[in-house]
Protein chains: 2
Amino acid sequence: MKAKASIVEPQSYSISELAREFDITTRAIRFYEDKGLLKPERRGQTRVYSPEERVRLKLILRGKRLGFSLDESREIIDMYDPAHGNVEQLQRLLERIAQKRTQLQQQLRDIESLMGELDDAETRAEAALVKSRKEENP
Amino acid sequence: MKAKASIVEPQSYSISELAREFDITTRAIRFYEDKGLLKPERRGQTRVYSPEERVRLKLILRGKRLGFSLDESREIIDMYDPAHGNVEQLQRLLERIAQKRTQLQQQLRDIESLMGELDDAETRAEAALVKSRKEENP
DNA sequence: GTTTACGTTGACGTAAACGTAAAGCAAACG
DNA sequence: CGTTTGCTTTACGTTTACGTCAACGTAAAC
């Protein structure tokens with residue numbers, strides 16, 4: 001029993017719709033296609049994006065937020081699709097998954113420490129602010 | 001009562017020592033200096049790095065792991081130093097701290113979801129691997 | 001005394017990720 | 001019918017973050 005909300009997901013998107021939604025340029029979207037990360041259909045000349053393509057775009061942008069290159073994002077996206085068939089490839093896939101996980105764990109640690117330092121910096125800045133206000137209003 | 005370990009921290013480092021330690025090139029280190037992220041002293045012509053400069057380098061590299069540009073890393077590093085004096089600057093600093101925190105929280109969410117997806121992908125890949133092995137050894 | 005190691009300053013090259021016109025087609029509007 | 005709107009391809013430009021020589025200095029090692 002899946003209860004869908006009353007907002008129906010569009011079955012297709014234009015390039016400028018996607019650009020507006022994600023606040024990027026159409027140039028960027030075409031660039032991702034050039035690099036093999038997107039493969040929209042064509043209605044004549046014009047690009048038509050399916051909901052699946054839209055998801056791929058979201059994954060690309062999430063990758064960017066995490067500092068991934070487009071090649072890295074492509075690799076990650078490729079991890080979702082069917083199973084790459086043979087044993088060797090599957091083992092390489094499992095290795096890459098493990099590597100990515102390790103990298104993400106490092107990023108988690110980096111974020112934690114940076115968060116702590118931001119807290120400290122904030123504390124000092126607030127203290128300095130109070131002091132600064134006193135000096136300006138003695 | 002602080003009990004220091006028996007390993008004494010060097011009081012200074014050469015550029016190639018730092019390059020080896022962090023597995024980067026001396027070219028990169030000089031580049032960071034060009035961009036104003038490092039300011040080593042000089043013994044004659046030669047650069048001499050204090051432990052503090054070494055920490056700054058570590059912060060730069062942590063920034064890179066989080067996908068920050070050098071400009072962003074410089075901003076973050078600048079958040080640590082004395083208090084920038086006047087009220088306006090302190091308020092801008094507090095704003096930037098808040099912004100960075102928001103960004104890091106987004107990164108945390110991104111990592112969480114990606115971690116989950118890696119788990120799924122791993123599960124599927126392992127299943128496909130078992131199946132693939134059976135087919136090769138029927 | 002010269003090879004070897006390590007350092008220096010240019011200066012040019014390059015890969016990634018787009019930005020920015022330029023020029024053209026195609027439907028839709030007034 | 002002309003023009004605005006939206007899309008297309010082609011192509012050169014730009015920024016970031018270094019890589020890669022080249023040519024030179026200095027100092028220890030053989």
key: Under-4.0 Å salt bridge between Glu75(B) and Arg96(B)   =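 Salt bridge present between Glu75(B) and Arg96(B).
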ask   = Hey, is Arg27(A) close enough to Glu33(A) for a salt bridge, meaning N to O under 4.0 Å?
value =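 Here Arg27(A) does not pair with Glu33(A) in a salt bridge, since their nearest N and O are not under 4.0 Å apart.
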ask   = If you group Ile, Leu, Val, Met, Phe, Trp and Tyr by side-chain heavy-atom gaps below 4.5 Å, do Val55(A) and Leu38(A) land in one group?
value =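 Shared cluster, yes.
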message = Hydrophobic clusters here meaning ILVMFWY residues chained together by side-chain heavy-atom distances under 4.5 Å, can you tell me if Phe22(A) and Leu66(A) are in one?
response =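 Yes; tracing contacts between hydrophobic side chains, which count when under 4.5 Å, links both residues.
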message = So, does Ser14(A) get its side chain near the phosphate of dG6(D), meaning an N or O under 4.0 Å from OP1 or OP2?
response =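 Looking at the OP1 and OP2 atoms of dG6(D), neither is under 4.0 Å from any side-chain N or O of Ser14(A).
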query = For Thr46(A) and dG6(D), is the shortest distance between a side-chain N/O and OP1 or OP2 below 4.0 Å?
reply =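 No, because none of the side-chain N or O atoms of Thr46(A) sits under 4.0 Å from OP1 or OP2 of dG6(D).
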Mind calculating the distance between [atom1] ([X]) and [atom2] ([N]) to the nearest angstrom?
X        : N       : atom1 : atom2 : answer
Glu17(A) : dG6(D)  : CD    : P     : 11 Å
Ile60(A) : dA17(C) : CD1   : P     : 11 Å
Arg43(B) : dG7(C)  : CZ    : P     : 13 Å
Arg42(A) : dC25(C) : CZ    : C1'   : 14 Å
Ile24(A) : dA17(C) : CD1   : P     : 14 Å
Leu61(B) : dC18(D) : CG    : C1'   : 13 Å
Arg30(B) : dG19(D) : CZ    : P     : 12 Å
Leu37(A) : dA16(C) : CG    : P     : 12 Å

message = From C-beta outward on Gln45(A), which listed nucleotide comes closest to its side chain: dG19(C), dT8(D), dG19(D)?
response =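 Among the listed nucleotides, the one closest to the side chain of Gln45(A) is dT8(D).
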request  = Output the single nucleotide from dC7(D), dG19(C), dG19(D) whose closest atom is nearest the side chain of Thr25(B).
outcome  =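 My answer, after comparing the listed nucleotides, is dG19(D).
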task = Could you note down all residue pairs passing salt bridge (Lys or Arg N to Asp or Glu O under 4.0 Å) where residues 105-121 of chain A supplies at least one of them, sequence neighbours left out?
result =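 Only Asp110(A)-Arg65(B), Glu117(A)-Arg62(B), Asp119(A)-Arg101(B) qualify under salt bridge (Lys or Arg N to Asp or Glu O under 4.0 Å).
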query = Is there a donor-acceptor contact under 3.5 Å from the side chain of Gln91(A) to the main chain of Glu88(A)?
reply =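 Pair absent, no side-chain N/O of Gln91(A) close to backbone of Glu88(A).
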message = If you define the side chain from C-beta out and look only at heavy atoms, does anything of Phe68(A) sit under 4.5 Å from Leu114(B)?
response =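 Heavy-atom side-chain distance check passes, below 4.5 Å.
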inquiry  = Taking the side chain as everything from C-beta on, heavy atoms only, tell me whether Arg56(A) gets closer than 4.5 Å to Tyr32(A).
reply    =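 Of all side-chain heavy-atom pairs linking Tyr32(A) with Arg56(A), none is under 4.5 Å.
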request  = Taking all heavy atoms of Ser12(B) and all of Arg43(B), pick out the closest pair and write down the distance.
outcome  =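 Nearest pair, atom of Ser12(B) first, then Arg43(B): OG-NH2, 4.3 Å.
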message = Once you apply a heavy-atom cut-off of 4.0 Å, does Ser16(A) come out as touching a base, just sugar-phosphate, or nothing?
response =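 Sugar-phosphate contact only.
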request  = Note every stem involving DNA chain D: at least three consecutive Watson-Crick or G-U wobble pairs, i with j then i+1 with j-1, with both distances under 3.5 Å.
outcome  =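 Listed by first number, the stems are C:1-30 with D:1-30.
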Please list each protein N or O that sits under 3.5 Å from an N or O in nucleotides 11-17 of chain D, with the distance.
from	atom 1	to	atom 2	distance (Å)
dA17(D)	OP1	Leu70(B)	N	2.8

